[in-house]
Amino acid sequence: MRIALGVEYDGRAFKGWQLQRHAVRTVQSQLEAAIAIVADDPVRTICAGRTDTGVHATGQVVHSDTQAQRGLRTWVLGINVNLPPDVAVQW
């Protein structure tokens, strides 16, 4: 199953969107961890664009592939409950 998500975040506390080798806080790392909890399996996300350190986003589109079957509302609520307060899935 491929899920697409509309994501927004306050980038002040992030080192940009993309995963990095060093243990730094990125939006992708936070989002993938939250999705993995709901999917009960590790996932990778593909983003329609990336942001740099400190940059905010609204309506950023991200997708991920998973074998998990969940309702649309379950994905949104389940991911959001596992995200920090400066990141949110809107749809």
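No hydrogens, no waters, no symmetry mates; every other heavy atom, side chains included, goes into these values.
- Residues satisfying the side-chain contact (heavy atoms from CB on, under 4.5 Å) test with Arg2, not counting sequence neighbours, are His63, Asp65.
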Run the numbers on Phe14 and Gln30 for side-chain contact (heavy atoms from CB on, under 4.5 Å), then give the verdict.
CA-CA 10 Å; Phe14 291 102; Gln30 300 294 299; 3.7 Å; yes
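- Heavy-atom minimum distance, His56 versus Thr51: O-CG2, 4.3 Å.
- Arg12 pairs by the side chain to side chain donor-acceptor pair (under 3.5 Å) definition with Asp10, not counting sequence neighbours.
- At least one donor-acceptor pair under 3.5 Å links the side chain of Gln28 to the backbone N or O of Leu19.
- Nearest heavy atoms, Cys47 versus Gln60: SG-NE2, 3.0 Å.
- Judged as a salt bridge (Lys or Arg N to Asp or Glu O under 4.0 Å), the pairs with a partner in residues 41-50 (not counting sequence neighbours) are, in order, Glu32-Arg44.
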Acceptor/donor pairs from residues 79-91 side chains to any protein atom, 3.5 angstrom cut, sequence neighbours excluded:
unit_1 : atom_1 : unit_2 : atom_2 : d
Asn80  : OD1    : Val89  : N      : 2.7
Asn80  : ND2    : Val76  : O      : 3.3
Asn80  : ND2    : Val89  : O      : 2.9
Asn82  : ND2    : Gly78  : O      : 2.7
Asp86  : OD1    : Arg25  : NH2    : 2.9
Asp86  : OD2    : Arg25  : NH1    : 3.0
Asp86  : OD2    : Arg25  : NH2    : 3.3

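- Scanning both residues, Ala36 and Pro42, for their nearest heavy atoms gives CB-CA, 4.1 Å.
- Legend: residues meeting salt bridge (Lys or Arg N to Asp or Glu O under 4.0 Å) with Asp52, ordered by chain and number and at least two apart, are absent.
- With sequence neighbours excluded, the residues forming a side-chain contact (heavy atoms from CB on, under 4.5 Å) with Leu77 are Arg73, listed by chain and number.
- Following chains of ILVMFWY side-chain contacts shorter than 4.5 Å, one can reach Val43 starting from Met1, so the two form part of one hydrophobic cluster.
- With contacts defined as side-chain heavy-atom distances shorter than 4.5 Å, the pair Ile35/Leu5 qualifies.
- Across all their heavy atoms, Trp75 and Ala68 have their closest contact at CZ2-O, 3.8 Å.
- For Ser29, the side chain to side chain donor-acceptor pair (under 3.5 Å) partners are Thr26, not counting sequence neighbours.
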